[in-house]
Amino acid sequence: MEKDNIVFGAHSINEALNQAVDIDKIQINLATKGKYSDIISKAKAQHIKVSFVPHQKFKKYEHLNHQGIIGYISSISYKKLEETVEDILKSNSKPSFLILDGITDVRNFGAIIRTAECTGIDAIIIPAQGSATITKETIKTSAGAAFKLPIIKVAHIKDAIFYLQSSGVEIIGASEKSNTSISKVNFNKANGIILGSEGKGIQPSVLKMLDVTAKIPMAGEINSLNVSVACGMFLYENLRQKS
């Protein structure tokens, strides 16, 4: 990240946390680990990832008075779950939310955001931990869609699913183990479409919460698709049924 995407030094980071600035992560020099307990507590309360790294990680910032601590500011402003969902449901009786359970590749993330915007998805929900963040590469791959679509960061995906379900939104999961083809699923309602990580798919504990699961029929010998491709197929089926 470039200089304008970081905040450095204990006082600056503490103030950023007090003002609830959208920070993706904080890195602390291992040698200064014991100095910043107050900052670490505030960061964890805001579900911001904190990692302890060797001093070599700070080499490119040695011209700055960083004090062994740097925060990486998000390129976008994340939205709040409850107020965003509530506003969307007021204006649209059949919205679609896209839930990403641990997508870690920034290019896949950017491609998914772009497809989501193209197919009329109302908002994207991601976890605060274990997910790709919005970087310049993500924004470039999304063709700027990251600025157009509400992106919600939550502490726990399961809490977001429970809130959506309690708001009358049916959750549809993409799972290659499902017995149901996407063409047989009714998307023409308020729904949340969830896809899992590139390697592991949807977490088993999350899978148990879903209302419906569906799979993409395939005829070749390779039985899996890139997550951004699979996502595109789900989102276009959703769009087809709602058009």
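Quantities reported herein were computed from a predicted structural model and do not represent experimental measurements. The residues of the chain are indexed from 1 along the displayed sequence.
- Of all the heavy atoms in Pro127 and Ser131, the pair that sits closest is O-CB, 3.5 Å.
- Side-chain atoms of Ile194 and Ile171, non-hydrogen and from C-beta on, do get closer than 4.5 Å to each other.
- Taking every heavy atom of both residues into account, Met233 and Ile216 meet most closely at CE-CG2, 3.4 Å.
- Minimum interatomic distance between Ala128 and His47 (heavy atoms only, all atoms of both residues): CB-O, 3.3 Å.
- The closest donor-acceptor contact from the side chain of His66 to the backbone of Gly68 lies under 3.5 Å.
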(request) Evaluate the salt bridge (charged side-chain N to carboxylate O under 4.0 Å, His left out) criterion for residues Glu170 and Lys189: first the C-alpha distance (whole Å), next the side-chain angles of each, then the deciding distance (0.1 Å), finally the verdict. (result) CA-CA 8 Å; Glu170 183 174 277; Lys189 59 178 71 176; 3.4 Å; yes

(request) Please step through side-chain contact (heavy atoms from CB on, under 4.5 Å) for the pair Tyr72 and Val7, ending with a clear verdict. (result) CA-CA 6 Å; Tyr72 294 84; Val7 58; over 6 Å; no

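- Put simply, the side chain of Tyr236 reaches to within 4.5 Å of the side chain of Cys118, judged on heavy atoms.
- Counting only heavy atoms from C-beta outward, the side chains of Thr135 and Asp24 never approach each other to under 4.5 Å.
- Partners of Lys42 under the salt bridge (charged side-chain N to carboxylate O under 4.0 Å, His left out) rule, at least two apart in sequence or in another chain, are Asp38.
- Rounding to the nearest 0.5 Å gives a distance of 10.5 Å between CG of Asn226 and CZ of Arg107.
- In this structure Val185 satisfies the side-chain contact (heavy atoms from CB on, under 4.5 Å) test together with Ile172, Thr180, Phe187, Val212, Ala214, sequence neighbours excluded.
- No side-chain heavy atom of Thr138 sits less than 4.5 Å from a side-chain heavy atom of Thr133.
- A donor-acceptor pair is defined here as one N or O able to donate and one able to accept, closer than 3.5 Å; such a pair exists between the side chain of Ser166 and the backbone of Tyr163.
- Heavy-atom neighbours of Asn179 CG from other residues, nucleotides or ligands within 6.0 Å: at or below the threshold of 12.
- A distance-only check finds a donor-acceptor pair linking the side chain of Glu198 to the backbone of Asp105 [under 3.5 Å].
- When atom types are taken as modelled, the side chain of Ser167 and the backbone of Val169 share no donor-acceptor pair closer than 3.5 angstrom.
- For NZ of Lys49, the number of neighbouring non-hydrogen atoms (other residues, nucleotides, ligands) closer than 6.0 Å is 12 at most.
- Interatomic distance, CG of Leu149 versus CZ of Arg114, reported as 14.0 Å (0.5 Å rounding).
- Considering every non-hydrogen atom in both Thr104 and Ala132, the closest pair reads O-CB, 3.4 Å.
- The closest donor-acceptor contact from the side chain of Ser178 to the backbone of Ser175 lies at 3.5 Å or more, if one exists at all.
- Residues Ile6 and Tyr61 meet the side-chain proximity criterion, which asks for heavy atoms closer than 4.5 Å.
- Within the model, atoms CG of Leu239 and OG1 of Thr119 stand 6.0 Å from one another, a figure rounded to the nearest 0.5 Å.
- Put simply, the side chain of Lys25 never gets that close to the backbone of Ile70: no donor and acceptor are under 3.5 Å apart.
- Distance alone, capped at 3.5 Å, places no donor-acceptor pair between the Asn238 side chain and the Ser96 backbone.
- Once rounded to the nearest 0.5 Å, the distance linking CD1 of Ile139 with CZ of Phe109 reads 10.5 Å.
- When atom types are taken as modelled, the side chain of Ser197 and the backbone of Lys200 share a donor-acceptor pair closer than 3.5 angstrom.
- Across all their heavy atoms, Ile39 and Ala10 have their closest contact at CD1-O, 3.6 Å.
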(request) Verify side-chain contact (heavy atoms from CB on, under 4.5 Å) between Tyr78 and Thr84, making sure each step is shown before the conclusion. (result) CA-CA 10 Å; Tyr78 292 103; Thr84 304; over 6 Å; no

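- Of the possible donor and acceptor atoms, none in the side chain of Gln67 sits under 3.5 Å from a partner among the backbone N and O of Phe8.
- Considering only heavy atoms from C-beta on, Asn5 comes within 4.5 Å of Ser75 through its side chain.
- The closest side-chain heavy-atom distance from Leu210 to Ile161 is below 4.5 Å.
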(request) Carefully, step by step, assess Lys177 and Lys215 under the rule side-chain contact (heavy atoms from CB on, under 4.5 Å). (result) CA-CA 7 Å; Lys177 296 179 181 178; Lys215 67 179 180 180; over 6 Å; no

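- Between Asp22 and Lys79 there is no salt bridge, since no side-chain nitrogen of the basic residue lies less than 4.0 Å from a carboxylate oxygen of the acidic one.
- In summary, of the residues considered (Val206, Leu195, Leu164), a side chain to side chain contact (heavy atoms under 4.5 Å, CB included) with Ile99 occurs for Leu164 alone.
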(request) Before giving the answer on side-chain contact (heavy atoms from CB on, under 4.5 Å), spell out for Val154 and Ile126 the whole-Å C-alpha distance, their side-chain angles and the decisive distance to 0.1 Å. (result) CA-CA 6 Å; Val154 297; Ile126 63 171; over 6 Å; no

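- Checked by atom type and distance alone, the side chain of Glu117 never pairs as donor or acceptor with a backbone atom of Ala145 at under 3.5 Å.
- The structure places CD1 of Ile134 at 7.5 Å from CD1 of Ile124, a figure rounded to the nearest 0.5 Å.
- The existence of a salt bridge linking Arg240 and Glu237 is confirmed by a sub-4.0 Å separation between a basic side-chain nitrogen and an acidic carboxylate oxygen.
- Atom-to-atom distance recorded for Asn29:CG and Gln56:CD is 9.0 Å, nearest 0.5 angstrom.
- Nearest heavy-atom pair, Met218 versus Leu225, reported as atom, atom and distance to 0.1 Å: SD-CG, 3.8 Å.
- Side-chain contact between His55 and Leu30 is absent, with no heavy-atom pair separated by less than 4.5 Å.
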